[in-house]
Amino acid sequence: AQSVTQLGSHVSVSEGALVLLRCNYSSSVPPYLFWYVQYPNQGLQLLLKYTTGATLVKGINGFEAEFKKSETSFHLTKPSAHMSDAAEYFCAVSGSGGYNKLIFGAGTRLAVHP
Amino acid sequence: ETGVTQSPTHLIKTRGQQVTLRCSSQSGHNTVSWYQQALGQGPQFIFQYYREEENGRGNFPPRFSGLQFPNYSSELNVNALELDDSALYLCASSLVSSGQETQYFGPGTRLLVL
């Protein structure tokens, strides 16, 4: 079985500050991990994904995440927040193989203040 | 833009009615997945179709059914609507050839059941 826990349903940062959104996962098989962003009244946009290989993954809009197997974590970071980063962020896990359903966390709403 | 479209964007139905939601996948994608996102929650997997056959199902009752067509379109049908079916319904398409493939989400259909 697989599950995702996102710590903090709401995170608030100042513009220019570090963004850190936390994600911990549980998986009985080697996980594939994803971060998606959802802007108001829109669908989900892929920020980045980890499948195999390098554990530090770079995504779009300056975001990156590091897969830490020992900590079962996949935290999302961005060095300097921008007002346009305000959105809902979802961490997701899936297994390998053709049947690749995504298991999502409950989401973290990021607010960015001037 | 993910190349995945959904229709309609919004829909209002009454309890007990039936509804059909439509999705147009990216050209060439052989897999479509449907998710239900209740207000304030992460998306939950409903089912997945691969080459027009159901390829996995989440914890949803049989009144949730689907179809996938050769022209990269698909449908989600829900019978005997209940108030709790009110949610954003997302479809995601992917090309499953070997291992995990990225799922690209449409903008969603927001269903309100009164």
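Heavy-atom basis, side chains included; hydrogens, waters and symmetry copies ignored. Every chain is numbered from 1, with letters handed out A, B, ... down the list of sequences.
- For B:Q44, no part lies under 4.5 angstrom from a heavy atom of chain A.
- Residues B:S74 and B:Q68 bring no donor and acceptor atom of their side chains to less than 3.5 Å of each other.
- Sorted by first and then second residue, the disulfide (SG to SG under 2.5 Å) pairs with a member in residues 4-81 of chain A read A:C23-A:C91; sequence neighbours excluded.
- A cation-pi arrangement, defined by a distance under 6.0 Å to the six-membered ring centre and an angle within 45 degrees of its axis, is absent between A:K49 and A:F34.
- Put simply, of B:G42, B:P43, B:G106, B:A92, the one with the most heavy-atom pairs under 4.5 Å next to chain A is B:P43.
- Proximity to chain B (any heavy atom under 4.5 Å) is shown, for A:L44, by both the backbone and the side chain.
- With a 4.5 angstrom heavy-atom cutoff, B:Y35 touches chain A only via side-chain atoms.
- The aromatic ring centres of B:Y49 and B:F47 sit less than 6.0 Å apart.
- In terms of heavy-atom pairs under 4.5 Å with chain B, the best-connected choice from A:Q38, A:R109, A:E88, A:Q45 is A:Q38.
- Atom CZ of A:R22 is separated from atom OG1 of A:T77 by 11.0 Å, given to the nearest 0.5 angstrom.
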